[in-house]
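See structure below.
Chain naming here is simple, since letters A, B, ... match the order of the sequence lines and numbering starts at 1 in each. This one's a predicted model, so the numbers in the text were calculated from it and none came from an experiment.
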Amino acid sequence: MLEQYQMSSHFLQQVNPTMKLVSMLLIIFYMITVFDPYTPLILLVLTVCVIRLFGGVPLKFLLLILLPFSLFSISFIWINVVFPDTRGTTILFSIGSMPVALENVLIGVSLGLRSLVFASWSLLFVLTTDPTRFMLSLIQHCKLPPRFGYGMMAAYRFIPLFKQELNQVRAAHKIRGLGEPRGIKERFIEIKRYSIPLLASAIRKAERVAIAMESKGFDGNRNRTYYHVIHWSKADLTFGMGILFVFASLYLIRVNFSL
Amino acid sequence: MPYLNTVDLTVRYPFQEQDVLKGITLSIEKGEKVLILGASGSGKSSLALSLNGIIPHSMEAEIEGDVYLQETSVNQLTFSEVCKHIGILFQDPESQFCMMTVEDEIIFGLENLRLQKEEMDKRIEKSLGFVGLEKWRKTQLKDLSGGMKQKVAIACLIAMDPEVFILDEPTANLDPVSTEEIFALLFSLSNKFNKTLLFIEHKLDYLLPYLERIVVLNKEGRVKRDCPPRELFTHYYEELKEQGIWIPTICEKAKEMEQTGVIWDQFPLTLEELENECTRKGMASLTDSTLSLPSISSKETVADDYLVEVKNLTFSYKNHLVLNDASFSVAKGDFLAIAGPNGTGKSTLAQLLIKLLKPTQGEILIDNKSIQQYKTKELMQKVGFVFQNPEHQFITDTVEEELAYGLKILGWDQQAVSERVDQLLKQFNLIAQRYSNPFSLSQGQKRRLSVATMLTNNQQLIILDEPTFGQDQVNTEALMQLLKELNEAGKTILMITHDMELVLKYAKNVLLLNQGKVNYQGDVLSFFEKEKMLEEAQVKAPVSYKLAALNRKLREGILLC
């Protein structure tokens, strides 16, 4: 389902996956130092626009994925209003006997938006990166041993297969008269019931794949050639400059408006 | 100098009492086409993995003796060196790939060989051209059918250009049409480039004429016979039967005829050879006695009392019309086989019948009542459903609990439950496994248990979705015998299958589904007469049916004279 975005030929898809990964980590570290609500808001809007314009992902699809994350971030506002460290002095209004202070709302909004920034950058990475290129880039630029890189690819391939298998197990159990679980205990038992057949088949598949890979001459060491070499290109330079530009502008804005 | 040879090879897995392979000494020349034959558990796959050093390099095992490639011991070579000599094609198309696209999968092997990009490009084009998948180069592997995946797997091997191809039941999970395509591809590979083919296979009917040599492994893991196929089936027929090895249909009939006094100039291995021999001898028929088809009259016609009625059933999935206005009825006591090419909605139909899916249009009646009016629990008491993978159905920790489970849901008392469980254990030959975990059973036992769990409360209708898929001959035979007994005891059976030999032998009626429509419903013999319809639906009449046709031809020939 995601391949149509991951494989398309927009700008972001051509940026080296390692580059994207590093900038994602930079953004996350940067966000940890920020406590006002405006910086994350600017960054969030910017990121969504970038994914839309330079990654070719439809806005509707993007917002739909962000929806569950926004529920999560709204809960931050709620928590900060109801259980603040220190209650602010600027009381906006009261819910029942509980005063709602502007300071607490702002901290909540800031934390909530921060988590949305994390989510949007993860999406930028996931939606515009071909997993194969990502793996190759990790091996070629980050010294990841091929043993793990190709192992991860093999595991990644199985994800849709497991989804299919889970559906089959579910149907098979339904036939045997097992309905929807009621309560936490039943849900727990259900997870156990589903996981045994899935685990059994996972172990079997893993063993088979390992044997198949080795019989194609894979020995896991670095001494191999590469058909696809993940190059550093102009796209990476542009992307890097873009990131620097964003950081610089944020710095100026924050100084000027003393956020 | 043989290309590949083993000297006194003995293999034992850790914690096992017995060797899987014992003193195997074999030598294989370049270009030979050899079949390794043996019952389940005779160590055929272990032999394959020992030949390329996976055993003991990555699968732990105690090993004695040695395997030589030309003059080098396999143990002194790395995997990437071995795979220039030996390539293995495995059974399961899902679990022999590690990359996302066709191209990347081929590249993976070539990178292991440390080739340069230009050389890789040449080899990718050549290998995809050979299997006829040039246009699919950039396609995701998950979007391909099982048959096409196996072709990609072959292309991967061709690109690596090994001398010996080991084929470990590569068609066990494929339908008949794909099976023939894969075999044809392999033989053209062998003929064109003089490659050595080493088969491990159960489906012998098609393979036999092309083979030069058969190696038989017995249950102790020793080489029992090593000779050309004709010699093997002429002289060691009884011995093979004793080992539980499946005998090709033609050879079985030929042997039967031998017992009625026919003396062959040349023991026939194929239908053509049999026909030639018979015509030469001027035989009036294949035999006068037992050899014949199950005639229509011997399969008692079923009553027109309907258990299942399907009316104008339409089902679409994501804008794709799977079933298109299908109508049919199943009489009580019928044994109905549902046949048709891959992807024509056979499994969908089965799942609609038990309410796992909801029809877009149309109605299904079971016992004159629409299934929408049944509660799941009520429907469960009427219909049993056996899934392709038996493991998916298991929900408890012992065989006994597994059988008791359905009864307990229905609120039976302790006494009645244990009586019924005992009865089922006996009927399905699972008494010794009573306290075993269902997951620890053998393939055949798992299959039997999965059928048994569906009969706990005397369901009248049993639906089976390709129950013999990936099962060996002995298990298949045992399961079919069981179904036949159940059918004789009055159960109605509805079975989806690709195996036309089973249809001919066991089913009373056939339903042919093609492109979402019911193309045929009626008795088995008339079904196989409709050659044009079968061809369109990619169904092949089984060898036994062709034999019967030959029989008829011979008789008519005599009448004309």
Side-chain angles (χ1 to χ4, degrees), chain A residues 3 7 130-132 135-136 146 150-158 160-161 164-179 189-190 193-194 196-201 204-221 223-229, chain B residues 49 52 54 57-59 78-84 86-88 90 92 94-101 104 107-117 120-121 140-142 153 156-157 160 351 354 356 376-377 380 384-385 387-389 391-395 405-406 409-410 439 453-454:
Chain A
E3 294 110 40
M7 309 283 182
D130 170 7
T132 312
M135 185 269 294
L136 287 174
Y150 286 92
M152 265 159 49
M153 278 313 287
Y156 182 77
R157 258 187 54 88
F158 281 132
L161 227 60
Q164 215 179 356
E165 206 162 349
L166 178 65
N167 285 338
Q168 279 168 10
V169 173
R170 231 182 229 142
H173 287 189
K174 194 175 159 201
I175 300 293
R176 300 209 52 195
L178 291 156
I189 295 172
E190 184 186 45
R193 263 195 296 111
Y194 285 167
I196 292 174
L198 289 178
L199 262 175
S201 100
R204 217 172 288 141
K205 284 203 178 82
E207 196 182 10
R208 285 192 200 141
V209 163
I211 290 176
M213 286 168 77
E214 281 173 337
S215 66
K216 278 187 196 158
F218 183 69
D219 44 17
N221 65 35
N223 187 5
R224 57 190 286 116
T225 52
Y226 295 100
Y227 183 89
H228 302 290
V229 177
Chain B
L49 295 178
N52 76 344
I54 296 272
H57 275 321
S58 67
M59 272 175 82
T78 63
F79 286 136
S80 68
E81 285 167 321
V82 174
C83 70
K84 288 177 197 158
I86 299 181
I88 307 187
F90 294 94
D92 182 6
E94 297 303 338
S95 56
Q96 52 181 313
F97 300 129
C98 62
M99 301 298 278
M100 308 297 286
T101 65
D104 283 347
I107 290 170
F108 171 73
L110 299 179
E111 287 177 343
N112 293 337
L113 292 180
R114 293 174 207 132
L115 297 178
Q116 296 308 311
K117 190 173 172 184
M120 289 195 215
D121 268 322
Q140 298 263 323
L141 284 164
K142 67 178 168 50
C156 289
L157 295 184
M160 299 181 75
Q351 295 192 9
I354 44 164
L356 276 179
T376 308
K377 205 167 158 186
M380 223 179 79
F385 192 99
F387 283 80
Q388 218 177 72
N389 182 348
E391 286 186 359
H392 289 164
Q393 290 180 256
F394 298 152
I395 45 190
Y405 184 84
I409 285 191
L410 292 174
F439 285 90
T453 54
M454 282 301 139

(request) Would you mind checking if A:Arg204 and B:Glu391 are paired as a salt bridge, meaning a charged N to carboxylate O distance below 4.0 Å? (result) yes

(message) Among residues at least two apart in sequence or on other chains, which ones pass salt bridge (charged side-chain N to carboxylate O under 4.0 Å, His left out) with A:Arg208?
(response) B:Asp92

(message) If the condition is salt bridge (charged side-chain N to carboxylate O under 4.0 Å, His left out), which residues does A:Arg176 pass it with, not counting sequence neighbours?
(response) B:Glu402

(request) Using non-hydrogen atoms and a 4.5 Å limit, figure out which bit of B:Met160 sits close to chain A: side chain, backbone, both or neither. (result) side chain

(request) Give, as side chain, backbone, both or neither, the part of B:Gln388 having an atom under 4.5 angstrom from any heavy atom of chain A. (result) neither

With a 4.5 angstrom heavy-atom cut-off, is it the side chain or the backbone of [X] that approaches chain B, or both, or neither?
{"X": "A:Thr132", "result": "side chain"}
{"X": "A:Leu198", "result": "neither"}
{"X": "A:Met135", "result": "side chain"}

(request) Determine, using ring centers only, whether B:Phe108 and A:Tyr150 are less than 6.0 Å apart. (result) yes

(message) So which atom in B:Ser95 and which in A:Ala212 form the shortest heavy-atom distance, rounded to 0.1 Å?
(response) O-CB, 4.3 Å

(request) Would you name the heavy atoms of B:Phe90 and A:Ile211 that are closest together and state the gap between them? (result) CZ-CG2, 3.7 Å

(request) Take A:Arg170 and B:His392, measure what side chain to side chain contact (heavy atoms under 4.5 Å, CB included) needs, and give me the verdict at the end. (result) CA-CA 8 Å; A:Arg170 231 182 229 142; B:His392 289 164; over 6 Å; no

